[in-house]
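One structure is given here, and the rest of the page talks about it.
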Amino acid sequence: MFSVDKRWKELGEVITNYCLEVQPGEKVMIAQYEIDSWPLALATYEAAIKAGAFPQIQLKSEYLRRAFMKYGSKEQYAWVPEMEIKSMQWADKYVALRGGYNLNIYHDTPADVLAINQCAHGVVSTTRWQNTRWSLTRVPNAAFAQQAGLDLETVMDMYFNACLLDYEKEEKKWFAWVKELEGTSEVHLTGKKTDLHLSFKGRSWGSNAAKGNIPGAEMSTAPLVNSVNGHIYFENPGVLGGRLMHDLYLEWKNGELIKATASTNEDYLHKIITTDEGASKIGEFAMGFNKELTTFTNDILWDEKMYGTIHIALGRAYPRRGGKNKSAIHWDIIKDLRQEGELIIDGRTIIKGGRLLLDEVD
C-alpha cells in the first residue's frame, strides 16, 4: 500500500495548499475511495498535518455501494446517509479521492434502483458544495487504465502531468480568457448531429483553475434555462453512476427537454432526467483546456478538462456563476470538438477543429 513514487507527495501538497488552501486549525475530511487511492490519501493527510490542520480519513468504495443496492430494500438505497451529511457539516475543507473501479459492477443493478441511489448521493453532493471548500479527483489504477483503453504507466503519467501544472503561470492565462468573454451572451454550438443555441446574458464566466476538481483547467458559465434551443450529440458515452450511455442525443425547445435517446442504458437515462424538475435542464456550460489530457477515459473528472472539448451539465447550477436551476443531479456530459464542430460566442469563433482561439479574439 506504500508507494515510493514522489509524485504522490507532490500532488498531496498541491491538493492541500493550492486546491484547498488549508489553514492552521481547519478541519479536513479526506474521503478515500478504493484501496488503491491510499498513497494519495496518506500524502494529503501528511500535507494537511504540516499545514496545521486536523484531518480525518473516511474509507468509501463503489463495491460497498453495489452491495448496498444489491441487498438493500428501497428504504435503504434511497437513504441519505446521516454520517455523510454530518461530515460535510463538520469539515471546513473536503477532498474526495475517487479511485477507479470496474464500471461493469452495476451490470445487474436495475436502472430505477441506481437512479434512486444516485439521487440520494446528489443530496450529499449538494451539502458538500454548500458547506465546504472542496476538491475532487479520480485516482487512476489498473481498473481505470482498462476503462480508458490504455496501459497503467501511460495513465499514471497523464494524470500527474495534468495535475502538476505550473498553476501560477497557467492561472494568468485562464483568467485573461475569462476577462475576454466578459459581456458576451449568446452561444451557438455546431458539430456532428449538433446545432445548439443558448444564452447566458447577465451571467458570468469563471475559471476555478484547479480549486475545485483536479486535474483542473476549465471555464464555465450558467445558461438561462429557457434560452436553450436545439440539439446535441455526444461522440463519447455519457457516464453516470457507473453506467455508459452511448450515442447520447438530447434536444430542447425553449429550455424544455423534448427528446433524449441513447443506444445503451436509455432506461437509466430517462430515470436520471426525471429525477426532479431541474434534472432535464442545462445548469452549466463549459469548455476544457488541459493539454496534458489527450485521450477520453470515460471519466467525467478527467474528460471534462480535455483541451478542445466543451461540456454541459444537466441539473444543478452553481450560484457563483449566476445559475438558479436546482436539482439533486449535476451530470457533466462531454462533447469532442477536435474532429468536427465549432463553438461560437456572439458571432465569434472560440473553438474550431479542437483549437482554442481565445488568444485571437479581438
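Residues: numbered from 1 along the sequence shown.
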Practice item. For the pair K253 and E256, find out whether any cationic side-chain nitrogen is under 4.0 Å from an anionic carboxylate oxygen. Key: no
Point to revise | Under 3.5 Å donor-acceptor, E46 side chain and A48 backbone | key: no
Review point. Is W134 reaching over with its side chain to a backbone N or O of A96, donor-acceptor style, under 3.5 angstrom?
Key: no
Point to revise | Exam field: side chain W90 to backbone K27, donor-acceptor pair closer than 3.5 Å | key: no
Review point. Do T184 and R348 get their side chains close enough for a donor-acceptor pair, meaning under 3.5 Å?
Key: no
Check your understanding: Within the distance-only criterion (no hydrogens, no angle test), does the side chain of N265 pair as donor or acceptor with the backbone N or O of Y268 below 3.5 angstrom?
Key -> no
Check your understanding: Using the ring of each side chain (for Trp, its six-membered ring), is F200 parallel, tilted or perpendicular to W205, with breaks at 30° and 60°?
Key -> perpendicular
**Study point:** Any side-chain donor near an acceptor of the partner, Y18 and E171, under 3.5 Å
**Key:** yes
Practice item. Mark yes when over 12 heavy atoms from residues, nucleotides or ligands other than K211 sit less than 6.0 Å from its NZ; otherwise mark no. Key: yes
Review point. Is there a side chain to side chain donor-acceptor pair (under 3.5 Å) between R316 and S125 once you walk through the steps?
Key: CA-CA 10 Å; R316 183 174 65 251; S125 177; 3.1 Å; yes
Review point. Using links of under 4.5 Å between side-chain heavy atoms of ILVMFWY residues, direct or through other members, which residues join Y249 in one cluster?
Key: Y233
Check your understanding: Is there a donor-acceptor contact under 3.5 Å linking the side chains of Y159 and T137?
Key -> yes
Check your understanding: Does M245 reach the side chain of P237, with side-chain heavy atoms less than 4.5 Å apart?
Key -> no
Practice item. Could you note down all residue pairs passing salt bridge (Lys or Arg N to Asp or Glu O under 4.0 Å) where residues 50-75 supplies at least one of them, sequence neighbours left out? Key: E13-K50, K60-E84, E62-R65, R66-D108
**Study point:** Heavy-atom donor-acceptor pair, D151 side chain to A145 backbone, under 3.5 Å
**Key:** no
Check your understanding: So, does N325 use its side chain to make a donor-acceptor pair with the main chain of G278 at under 3.5 Å?
Key -> yes
Check your understanding: Quick check: are there more than 12 heavy atoms from other residues, nucleotides or ligands sitting under 6.0 Å from CD of Q339?
Key -> no
Check your understanding: What residues form a side-chain hydrogen bond (donor to acceptor under 3.5 Å, both in side chains) with K305, not counting sequence neighbours?
Key -> none
Study note, to complete from the structure: dist I272:CD1 -> L314:CG (nearest 0.5 Å) comes out at 10.0 Å
Point to revise | Minimum side-chain heavy-atom gap N290-W302 below 4.5 Å | key: no
Check your understanding: Any side-chain heavy-atom pair from T309 and E304 closer than 4.5 angstrom?
Key -> no
Review point. Can we say R7 and D157 salt-bridge, meaning some charged N sits less than 4.0 Å from an Asp/Glu carboxylate O?
Key: yes
Practice item. Starting at OG1 of T349, measure out to CG of L343 and round the result to the nearest 0.5 Å. Key: 8.5 Å
Check your understanding: Short question: side chain of D303, backbone of T297 - any donor-acceptor pair under 3.5 Å?
Key -> yes
Practice item. Considering only NZ, NE, NH1 and NH2 on the basic side and carboxylate oxygens on the acidic side, decide whether K192 and E235 come within less than 4.0 Å. Key: no
Check your understanding: Counting N and O atoms only, with roles assigned by atom type, does the side chain of D276 sit under 3.5 Å from a partner on the main chain of A328, one being a donor and the other an acceptor?
Key -> yes
Practice item. Decide, yes or no, whether a salt bridge links R321 with E284 under the criterion of side-chain N to carboxylate O below 4.0 Å. Key: no
Check your understanding: Is the F160 to W8 ring centre distance short of 6.0 Å?
Key -> yes
Check your understanding: Would you call the rings of Y101 and Y106 parallel, tilted or perpendicular, where under 30° means parallel and over 60° means perpendicular?
Key -> perpendicular
